[in-house]
Engineer: 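Have a look at this one.
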2 protein chains.
Amino acid sequence: MMKKSTILDVAKRAGVSSSTVSHVLNHYDDIGEETKKKVLAVAKELDYAPNYAAKRLSSKNKKQIALILNEINVTRGVAMPLEILGGVIEALDKTEYEFVFYAVNGRKQKMKSLKQFCGERDISGLIIQGLTTEDPYYHELKRLDVPTVAIDMTVKNGSVGSVSIDNQAAAAEVARRLLASGNKKILFINGSNNAAVAMEREAGVRSVIAHPLISYANFSEEMAFQIVEQMERIEEIDAIFAASDLMAIGVIKALKKRNVAKKIDVVGFDDITLASYITPSLTTVRQNIPEFTKVAVADLIQQIETGKVVQKYIPYEIIVRDSARL
Amino acid sequence: MMKKSTILDVAKRAGVSSSTVSHVLNHYDDIGEETKKKVLAVAKELDYAPNYAAKRLSSKNKKQIALILNEINVTRGVAMPLEILGGVIEALDKTEYEFVFYAVNGRKQKMKSLKQFCGERDISGLIIQGLTTEDPYYHELKRLDVPTVAIDMTVKNGSVGSVSIDNQAAAAEVARRLLASGNKKILFINGSNNAAVAMEREAGVRSVIAHPLISYANFSEEMAFQIVEQMERIEEIDAIFAASDLMAIGVIKALKKRNVAKKIDVVGFDDITLASYITPSLTTVRQNIPEFTKVAVADLIQQIETGKVVQKYIPYEIIVRDSARL
DNA sequence: CTGAAAGCGCTTACAG
DNA sequence: CTGAAAGCGCTTACAG
């Protein structure tokens, strides 16, 4: 493998200075046509590729947006991180900001703070998803002075932007429609109490049903299954509302096993791919992830450039399928 | 936002030279205990974060492995890119190589060659997935002198490593077992003829069945659905083998619509999450993606360090479910 | 229109 | 054990 050629190699061979090469390659408009052609030809001939690190180090223009995804690979069947990744890359593609990807987990969060990461990499702004209130980064966000937009997650402090649906309103609407369609006794299976969105969904349910039955299944299909499988006097329940589709699927499996699937309405949350494929197909709350990412990128760039921080709700949609004819 | 502090700021404040700071921070063992403590304290005090670009530019040690994923966000329900991403990050985490992520599509491939990318970023090795034979990068791989391992994809040229199942053998085994369980007339629905694995699967089928019925559905659920929905004399078909689970699901939907689902065996390929959730649950060929990524990373590092290129098969597994009791 | 030179913030022989 | 200095490969005022 030949030694990589540098801007100086190109300059020498083209008989010009490296400043001139730099100007040509960066599309400055102050270079003679002849010179430009010559330089371009030589650059191609030498397979010149400008060193990225040198470019970043020397340039004043440091527009970089990092996407931070936590615990990317935990749950089979849930593609949100992938949708966000694809969406952010696509949206950033149309801007002058460069994309930097950083996948973390609890351990990595402890090893390197957000501030460290942003400092090392000259990050102008952050899009972040997947943190629970137990995560170090969640708390660091509140005092971080780097523009940030959180996706599907709200941070109490006002200096962090966010894009999500109105989880409380959505859950309230589901609860209301469950009641309206004749259900009296409703069980709400929540994920955990360290995810902001889960707490909001629970608040929504509580706003409509004074004393709801509530269980926690840690966003796990298996745990939701067990809860319903072992529940006593299940016949008294009219409907089960789960804070995620995966848990709702666990519920449906358990109801089927107990032969009461037809009598009990089930509603999920997210509209993952599975929701429309299982039997019965799952009534659920759809979140428009592509829209989340587009808005997050736009809001973040605005925040970087003007300092304006917004917390935005994206419209949700209740998708009625066979598991509950709301 | 305060100006970022540099190594020189730390050095001055600690009353030492920047070389000393560098040595302390990079865990050289030739620094006095006192000095070390002082430097560390000052670094923390100033929230010092070593500039990444400067570090890369100046350092001799440039161990970086890039993961290149093509068309990351096309198909809902297919999580392979995410599994690979998570797996590669995790595997790399245990090595001294750094992770670089690069998501491309047809347009980006045209704008920047692999060679350019590797040159700019000082990439020591490449893991790549998702290319078809129509992709520019697919062809560039053959003449690229950067160590590379392809996942779920074979490149004819011997200088590219690969990790996949033996697609031909797997498809042949499915065909054989379909015959063995009494099916006579078998339709093979393939994806496309520009994906290496698709061609291998077809070769496997042909190796067992002399003149198989073959259709192409471009890996699309909808297209597979239409093919089966509109097929004449479907009652003459005993079994349908699709080259992907998504297409198999389209097949099942169409068979259900035509009320012949119970009479016709269906087998898919991949074992995506959906496979076990649909009704009837789908018999399919499972690929062990986590294993793919582990092996790919190990092979790539070996290739970088010793030059040895291997093309490796990972064992597949035929998962028998309700759609075909093989 | 083009070039000389400083500077970005590190690492790394080398000297002492 | 510590420091002075060169060098990594670019960009960018500035001068002409």
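Letters A, B, ... mirror the listed sequences (proteins, then strands); counts begin at 1. Predicted model only: the values in this text are computed from it and were never measured.
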Engineer: OP1 or OP2 of C:dA13 versus the side-chain N and O atoms of B:Tyr28: is any pair under 4.0 Å?
Structural biologist: no
Engineer: Please examine the side chains of A:Glu120 and B:Asn51, heavy atoms only from C-beta on, and report whether any two atoms are closer than 4.5 Å.
Structural biologist: no
Engineer: If you draw a 6.0 Å radius around NZ in B:Lys37, do more than 12 non-hydrogen atoms from other residues or ligands fall strictly inside?
Structural biologist: no
Engineer: So what does B:Thr6 touch, heavy atoms closer than 4.0 Å: a base, only the sugar-phosphate, or nothing?
Structural biologist: sugar-phosphate
Engineer: Reckon B:Ser17 has a side-chain N or O less than 4.0 Å from the OP1 or OP2 of D:dA4?
Structural biologist: no
Engineer: Would you classify B:Ser59 as touching base, sugar-phosphate or nothing, given that sugar-phosphate means primed atoms plus P, OP1 and OP2, and contacts are heavy atoms under 4.0 Å?
Structural biologist: sugar-phosphate
Engineer: What is the distance from CD of B:Glu120 to C1' of D:dG9, rounded to the nearest Å?
Structural biologist: 13 Å
Engineer: Mark yes or no: A:Lys112 above the aromatic ring of A:Phe117, with NZ or CZ under 6.0 Å from the six-membered ring centre and no more than 45 degrees from the axis.
Structural biologist: no
Engineer: Whole-Å distance between D:dG9 P and A:Asn26 CG?
Structural biologist: 17 Å
Engineer: Rounded to whole angstrom units, what separation is found between the CG atom of A:Asp122 and the P atom of C:dG9?
Structural biologist: 9 Å
Engineer: Using Watson-Crick or G-U wobble geometry with both distances below 3.5 Å, tell me the partner of C:dA13, or none.
Structural biologist: none
Engineer: For D:dA4, what is the paired nucleotide under Watson-Crick or G-U wobble rules, both distances under 3.5 Å?
Structural biologist: none
Engineer: Could you give the NZ-to-C1' distance, from B:Lys62 to C:dC10, as a whole number of Å?
Structural biologist: 11 Å
Engineer: Grab the CZ-C1' distance between B:Arg56 and C:dT11 for me, whole Å please.
Structural biologist: 13 Å
Engineer: Reckon A:Tyr52 touches a base, only the sugar-phosphate, or nothing at all at heavy-atom distances under 4.0 Å?
Structural biologist: nothing
Engineer: Between A:Glu33 and B:Leu57, who's closer to the 5' end of DNA chain C by nearest nucleotide?
Structural biologist: A:Glu33
Engineer: Tell me whether the side-chain N or O atoms of A:Ser58 pair up with the base of C:dC8 as donor and acceptor below 3.5 Å, since no angle test is needed here.
Structural biologist: no
Engineer: For a side chain to side chain contact (heavy atoms under 4.5 Å, CB included) with A:Arg13, tell me which candidate from A:Val42, A:Leu8, A:Val21, A:Val39 qualifies.
Structural biologist: A:Val42
Engineer: B:Leu8 CG to C:dT11 P: how many Å, rounded?
Structural biologist: 13 Å
Engineer: Considering heavy-atom distances to DNA chain D, does A:Val21 or B:Asp29 have its closest nucleotide positioned more toward the 5' end?
Structural biologist: B:Asp29
Engineer: Closer to the 5' end of DNA chain C via nearest nucleotide, is it A:Ser18 or B:Lys55?
Structural biologist: A:Ser18
Engineer: Roughly how far, to the nearest 0.5 Å, is the CD1 atom of B:Ile128 from the CG atom of B:Leu131?
Structural biologist: 4.5 Å
Engineer: Is the phosphate of C:dC10, meaning OP1 or OP2, less than 4.0 Å from a side-chain N or O of B:Ser22?
Structural biologist: no
Engineer: Using atom CG of A:Asn51 as one end and atom C1' of C:dC10 as the other, report the distance to the nearest whole Å.
Structural biologist: 13 Å
Engineer: Among the candidates D:dT2, C:dG9, D:dC10, find the nucleotide nearest to the side-chain atoms of B:Thr35.
Structural biologist: D:dT2
Engineer: Could you check whether B:Ser19 gets within reach of a base, just the sugar-phosphate, or nothing at all, counting any heavy atom under 4.0 Å?
Structural biologist: base
Engineer: Within this structure, what is the CZ-to-P distance between B:Arg121 and D:dC8, rounded to whole angstrom?
Structural biologist: 21 Å
Engineer: Tell me whether the count of non-hydrogen atoms from other residues, nucleotides or ligands lying under 6.0 Å of NZ in A:Lys308 goes above 12.
Structural biologist: no
